[in-house]
Amino acid sequence: MTALLELDRVSRVFHAGEQTVTALDAIDLVIESGEFVAIVGASGSGKSTLMNILGCLDQPSSGDYRVDGRSIAGLTADELAALRREHFGFIFQRYHLLATMSAADNVAMPAVYAGLDPVLRRKRSIALLQRLGLGDRLDHRPNQLSGGQQQRVSIARALMNGGRIILADEPTGALDSKSGETVLEILKELHRDGHTVILVTHDMEVAGHADRIIEIRDGLVVSDRRSEATAASAGAALVAQGQPVTALAGFQRRLREAFPMALRSMAAHQVRTFLTMLGIIIGIAAVVAVVGLGEGTRQKVLAQISELGASTLAIYPGRDWGDERADSITTLVVADAKALAAQTYVDSVTPELSTSSKIRAGRLSLTANVNGVGKDYFRVNGLTLVRGAAFSEQSISERRQEAVIDDRTAATLFPNGRSPLGQVVMIGRVPVVVIGVVARRSSAGGDRNLQIYLPYTGVGGRLLGAATSLAGLTVRIADNVDTALAERAVTGLMTRRHGTKDFFVFNSDQLRRTIESTARTMTLLISSVAVISLIVGGIGVMNIMLVSVTERTREIGLRMAVGARRLDIMLQFLIEAVTICIAGSMLGVGLALGIATAFGGRTSDFPMIISLDAILAACTVALLIGVVFGFLPARNASRLDPVDALSRE
Ligand code: ADP
Ligand code: MG
């Protein structure tokens with residue numbers, strides 16, 4: 001029959017700087033199932049080292065250690081964790097209870113890693129605490145319990161996953177003698193129930209409770225005595241194992257439980273958590289607000305462009321803007337406008353003449369732009385009639401002395417709501433009658449000059465020097481016609497008519513594209529600054545997580561001792577980082593929405609349009625930041641050595 005635990009020439013050597021310390025020196029030892037063994041020795045004799053090796057928390061430097069006949073040499077960290085989960089229950093001198101959890105949760109913790117259902121877990125943890133006389137202390141925190149009570153909680157925890165082998169390192173060391181007696185009684189009872197109990201102590205009297213006393217000195221076994229053996233009911237331990245679950249289901253369950261765990265630890269450090277989150281909140285709010293502002297500005301500019309008149313081509317004499325010869329070029333004529341208007345891809349054409357002149361109505365006089373226009377001018381340029389009528393075909397052909405004024409001129413010349421319709425306005429010495437008032441669709445943008453419009457044939461023509469040539473032509477492209485194609489056709493037609501290309505075409509669509517791409521560039525630029533702030537926030541999260549791992553090293557050690565896998569530890573910290581980032585991003589989005597509502601209405605100077613896409617993108621980015629910046633601390637945590645971690649102050 002194979003022995004339960006078997007040490008075969010096991011040594012453990014520590015290297016501390018230059019020196020090497022041989023804590024265990026080629027020890028042979030066999031412990032059978034159901035034994036109650038005490039390991040005694042002076043301080044520094046190697047008891048804890050031996051105990052850590054027996055409990056698979058530490059591994060021999062040389063020699064072989066077998067559990068149930070299976071050598072642990074070459075097992076991975078997770079396989080060792082599984083061994084600890086399934087076979088061992090640890091009781092420590094300083095209890096190692098987690099301060100933020102209730103007694104019942106502390107007891108239940110090992111079963112989390114065994115994948116036991118939460119309801120069964122709670123039931124079993126309560127039953128164990130009741131059995132140890134703590135039925136009325138279930139929801140107390142460790143600091144609300146006496147030392148003896150805390151040690152009993154830790155015994156219950158050792159039994160949670162079955163605790164076939166109980167390893168107790170100086171369990172009475174921190175207790176008064178009465179509590180110590182109680183603990184020893186419990187250990188004896190567990191032994192009677194079939195548990196294998198290994199008790200480590202420096203106190204011979206305490207060791208006397210065991211059936212077998214192994215004395216070690218300087219890493220060597222110096223004696224191994226058995227009292228008249230109370231035949232142990234070998235292996236018949238009252239082991240209530242959790243039902244096995246599939247690996248995947250177990251993993252999912254542990255993943256689900258990592259969230260409340262993360263929330264609990266965030267709640268334990270509220271101020272710190274909030275400050276960490278602040279970086280993410282500001283970063284996300286900045287990104288979302290800036291993208292919203294970019295989108296809002298873009299749409300506002302586009303709206304203004306479309307007010308200028310959708311899809312128009314403006315034709316001017318000369319090679320380009322500011323061509324000095326333009327004034328002397330007289331080939332752009334009314335006949336060109338007529339020819340263009342006959343094309344199928346043209347909706348309408350309006351010729352343009354313009355000058356600035358003094359105008360007068362009654363006693364009021366002012367300077368305005370006088371425009372000679374065709375009948376479609378208003379339609380082409382996106383001006384809407386607010387009162388009266390626009391020019392008719394006859395107005396143009398009969399050279400009527402009529403005028404249309406814009407709403408600002410109307411308000412200036414005819415204050416107090418007097419109707420301008422039918423009134424006479426003097427342009428220099430020429431009288432015209434106002435027949436209509438037009439307005440831009442919104443008051444935003446556009447030039448601030450006062451405008452008066454006359455038929456280009458009549459007074460306009462005379463005023464503007466009996467112009468036979470035009471200052472420009474505006475062509476409105478028919479709907480559904482590509483403006484680039486139309487531009488090419490117009491250029492071709494005009495070049496043929498003039499015999500040379502003595503004009504240039506300005507495409508409003510091109511302006512739209514230029515503005516759009518400028519807006520995109522600006523958004524990109526400001527966004528990248530905001531993204532940098534987000535990255536700084538992420539680094540803040542990483543920083544705090546690293547601190548948190550350092551602070552909670554003992555907790556990590558304990559979790560590993562009770563059987564947490566590396567992945568479990570990793571997930572715990574990763575999920576904490578991700579939770580902080582996601583919560584931060586939600587608050588950040590909230591902040592951005594708040595800013596948008598407060599300052600960023602559509603009519604404001606800073607219009608903001610925050611789309612659902614932007615919000616989802618922000619949350620995704622936050623998730624990624626959590627994963628990326630949480631990874632390093634989480635990995636550090638998962639790679640800790642359990643013995644090291646447990647002994648850390
Ligand atoms: P005990 O539990 O019997 O008091 P330990 O097993 O803790 O003794 O230690 C045995 C010896 O090993 C001591 O001399 C101690 O200094 C040394 N030792 C234990 N752990 C380490 C370590 N991590 N690094 C270096 N030396 C160690
Ligand atoms: Mg010790």
Side-chain angles (χ1 to χ4, degrees), residues 5 7-29 31 36-63 65 72 77 80 84 88-97 147 150-151 154-155 158 165-175 180 183-184 187 197-210 212-225 550 553-558 560-562 636-637 639-649:
L5 306 176
L7 294 175
D8 192 355
R9 302 198 61 73
V10 164
S11 296
R12 180 68 171 98
V13 180
F14 292 107
H15 301 276
E18 296 284 275
Q19 290 182 313
T20 57
V21 179
T22 307
L24 295 179
D25 192 0
I27 286 191
D28 288 316
L29 191 64
I31 294 172
F36 184 1
V37 183
I39 298 172
V40 280
S43 173
S45 55
K47 308 181 296 292
S48 294
T49 308
L50 177 58
M51 156 104 168
N52 290 337
I53 287 181
L54 286 173
C56 300
L57 285 168
D58 193 12
Q59 281 169 287
S61 309
S62 67
Y65 173 43
I72 67 151
L80 290 172
R84 292 196 290 271
F88 298 99
F90 294 91
I91 300 167
F92 303 97
Q93 179 173 1
R94 306 224 68 98
Y95 336 123
H96 285 324
L97 298 177
Q150 290 186 60
Q151 194 59 299
S154 100
I155 294 173
I165 306 160
I166 301 286
L167 292 170
D169 193 351
E170 306 270 12
T172 58
L175 300 179
V183 166
L184 287 171
L187 289 180
V197 179
I198 302 173
L199 168 66
V200 168
T201 177
H202 64 279
D203 186 341
M204 212 52 190
E205 202 178 317
V206 170
H209 290 268
R212 177 181 171 191
I213 300 175
I214 300 170
E215 199 178 333
I216 65 172
R217 191 179 302 150
D218 297 332
L220 290 166
V221 175
V222 292
S223 79
D224 187 347
R225 284 170 283 133
T550 313
T553 302
R554 275 211 292 175
E555 172 187 335
I556 295 166
L558 176 78
M560 287 178 159
V562 301
N636 283 359
R639 294 206 171 166
L640 286 172
D641 175 71
V643 177
D644 238 23
L646 273 173
S647 60
R648 209 76 70 81
E649 280 313 311

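Numbering of ligands and ligand atoms starts at 1, following listing order. In what follows, residues are counted from 1 in the order of the sequence shown.
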> Can you tell me the protein heavy atom closest to atom 7 (O) of ligand 1 and the distance?
Replying inline: Ser48 CB, 3.7 Å
> Has Gly46 got any heavy atom lying under 4.0 angstrom from an atom of ligand 1?
Replying inline: yes
> Can you tell if the side chain of His202 reaches within under 4.5 Å of the side chain of Ser43, non-hydrogen atoms only?
Replying inline: no
> Are any of the side-chain heavy atoms of Asp28 and Arg9 separated by less than 4.5 Å?
Replying inline: yes
>> Would the distance check show the side chain of Ser61 and the main-chain N or O of Val13 forming a donor-acceptor pair, the cut-off being under 3.5 Å?
In response: yes
> Would a search of protein heavy atoms around atom 15 (C) of ligand 1 find one under 4.0 Å away?
Replying inline: no
>> Taking N, O or S atoms only and a limit of 2.8 Å, check whether Ser48 reaches the Mg ion (ligand 2).
In response: yes
> Does a side-chain heavy-atom distance below 4.5 Å link Leu199 with Leu184?
Replying inline: yes
> With atoms numbered from 1 as shown, which atoms in ligand 1 lie under 4.0 angstrom from a non-hydrogen atom of Ala23?
Replying inline: 10 (C), 11 (C), 12 (O)
> Considering only the protein, which heavy-atom contact is closest to atom 19 (C) of ligand 1, and what is its distance?
Replying inline: Phe14 CE1, 3.5 Å
> Side-chain contact, heavy-atom cut-off 4.5 Å: Thr550 with Asn636?
Replying inline: no
> Can you find a pair of side-chain heavy atoms, one from Met560 and one from Leu646, that are under 4.5 Å apart?
Replying inline: no
> Quick one: does Thr49 get an N or O within less than 3.5 Å of an N or O on ligand 1?
Replying inline: yes
> By number and element, which atoms of ligand 1 are closer than 4.0 Å to a non-hydrogen atom of Ala42?
Replying inline: 3 (O)
> With a 4.0 Å cut-off, strictly under, does atom 12 (O) of ligand 1 pick up any protein heavy atom?
Replying inline: yes
> Does Gly219 have a non-hydrogen atom less than 4.0 Å from ligand 1?
Replying inline: no
> Is there a nitrogen or oxygen of Gly44 sitting under 3.5 Å from a nitrogen or oxygen of ligand 1?
Replying inline: yes
> Given side chains that start at C-beta, do those of Leu54 and Tyr65 come closer than 4.5 Å, heavy atoms only?
Replying inline: yes
> Do Ile53 and Arg12 touch side chain to side chain, with heavy atoms closer than 4.5 Å?
Replying inline: yes
